[in-house]
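Every number for a ligand or one of its atoms is a count from 1 in the order of the listing. The first residue in the sequence is number 1, and the count goes up from there. Basis for what follows: all heavy atoms, side chains included, without hydrogens, waters or symmetry-related copies.
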Amino acid sequence: MSVNSSLACPPTWPTPTELGQGARLWLFSGVLGDHADALFHTLCNELPWERPRVRVFGRQHPVPRLTCWLADPGVRYRYSGLVHEGRGWPEALTTLRRRLGALTGRAPNGVLANLYRDGDDTMGWHRDNEPELGPMPWVLSYNLGAARDFALRRHGEHRQCRVLTLRHDDLLVMSPRVQHHFEHALPRRRRVDAPRLNLTFREIQGLDRG
Ligand SMILES: O=C(O)CCC(=O)C(=O)O
Ligand SMILES: [Fe+2]
């Protein structure tokens with residue numbers, strides 16, 4: 001057996017952070033280099049951002065951020081209680097999608113974009129384990145704009161166990177067991193006064209295609 005074929009990941013992957021129970025995180029920085037600023041600007045201005053309302057304790061509230069689902073035509077994903085359907089990819093994401101494919105060897109067919117207008121915008125504790133992601137949900141999380149803390153805690157526990165700062169042009173790759181055993185959240189950070197955009201690329205499995 002050659003040295004390379006015995007490696008679990010291509011040699012260009014950074015050393016993972018081991019969370020335990022086989023859950024691993026990899027942080028790649030400088031994914032797009034000089035192109036990242038322009039992409040941030042284009043996506044902020046041109047994506048069809050929405051602000052879905054969710055029901056909490058019987059009352060409807062708008063989510064504390066802007067969101068948008070982009071995917072292959074017909075690829076459906078349920079979030080915030082609504083089914084969203086892909087209508088193809090904007091030209092602006094072509095280079096990033098190629099780069100992520102080359103770096104990770106994965107081929108996501110959808111992405112959930114979230115725009116946090118400032119440090120008051122947040123995302124609560126959850127796992128990316130919707131049934132349409134199948135039993136092995138790889139998630140590629142690409143970041144633009146302001147640096148924000150990304151918190152993790154063991155599923156079923158209250159105390160957070162790890163915080164990573166995700167910066168402009170960083171890619172965080174989460175192995176499937178991260179979603180099996182851990183929850184993640186984007187906590188409020190009042191001192192952050194600039195926007196941040198996050199793109200979580202996902203692989204929707206065959207059954208939920210349109
Ligand atoms: O903004 C982030 O870093 C997290 C986003 C996230 O968890 C999600 O879209 O499911
Ligand atoms: Fe998530």
So Arg148 and Tyr116, side-chain hydrogen bond (donor to acceptor under 3.5 Å, both in side chains) or not? Walk me through it. CA-CA 10 Å; Arg148 288 288 294 265; Tyr116 304 86; over 6 Å; no

Do any nitrogen or oxygen atoms of Ser141 come within less than 3.5 Å of a nitrogen or oxygen of ligand 1?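 No - when backbone and side-chain N and O of Ser141 are compared with those of ligand 1, no distance drops under 3.5 Å.
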
Compute the minimum heavy-atom distance from Arg202 to ligand 1 and say whether it is under 4.0 Å.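 For ligand 1, residue contact (heavy atoms, under 4.0 Å) with Arg202 is present.
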
Take every heavy atom of Arg148, measure it against each atom of ligand 1, and state whether any distance is under 4.0 Å.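 Distance cut 4.0 Å: Arg148 fails for ligand 1.
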
Using a 4.0 Å cut-off to any heavy atom of [X], which atoms of ligand 1 qualify?
X: Asn198; answer: 1 (O), 2 (C), 3 (O), 4 (C), 5 (C)
X: Asp128; answer: 10 (O)
X: Tyr116; answer: 1 (O), 2 (C), 4 (C), 5 (C)

Is the distance from the ring center of Phe28 to that of Trp13 below 6.0 Å?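 Between Trp13 and Phe28, which both carry aromatic rings, the centre distance is below 6.0 Å.
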
What are the two closest non-hydrogen atoms of Asp149 and Leu186, and how far apart are they?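 What the structure gives for the nearest pair is O-CD1, 3.2 Å.
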
Minimal non-hydrogen separation, Ala23 against Phe182, with atom names: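 In terms of heavy atoms, the two residues are closest at CB-CE1, 3.7 Å.
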
Under the side-chain hydrogen bond (donor to acceptor under 3.5 Å, both in side chains) criterion, do Arg202 and Thr200 qualify, and how do the steps go? CA-CA 6 Å; Arg202 299 154 196 249; Thr200 45; 2.7 Å; yes

Considering heavy atoms of the protein only, find what lies nearest to atom 3 (O) of ligand 1 and give residue, atom and distance to 0.1 Å.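 The answer is Arg196 NH2, 2.9 Å.
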
Identify the protein heavy atom lying closest to atom 6 (C) of ligand 1, giving its residue, its atom name and the separation to 0.1 Å.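 Minimum-distance protein heavy atom for atom 6 (C) of ligand 1 reads Met123 SD, 3.3 Å.
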
Atom CG in Leu70, atom CG in Asn109: separation rounded to 0.5 Å?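 It comes to 12.0 Å.
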
Rounded to the nearest 0.5 Å, how far does CD of Glu50 lie from CG of Leu115?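 It is 13.0 Å, given to the nearest 0.5 Å.
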
Of all the N, O or S atoms in Asp128, which one sits nearest to the Fe ion (ligand 2)?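 Nearest N/O/S atom: OD1.
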
So for atom CZ, which belongs to Arg127, do other residues, nucleotides or ligands contribute more than 12 heavy atoms lying within a distance under 6.0 Å?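 Correct, the count exceeds 12.
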
Part of His184 within contact of ligand 1 (heavy atoms, under 4.0 Å):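 The side chain, only.
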
Heavy-atom distances under 4.0 Å are what count here, so tell me which part of Asn114 touches ligand 1: side chain, backbone, both or neither.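 Asn114 to ligand 1: side-chain contact only, backbone stays beyond 4.0 Å.
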
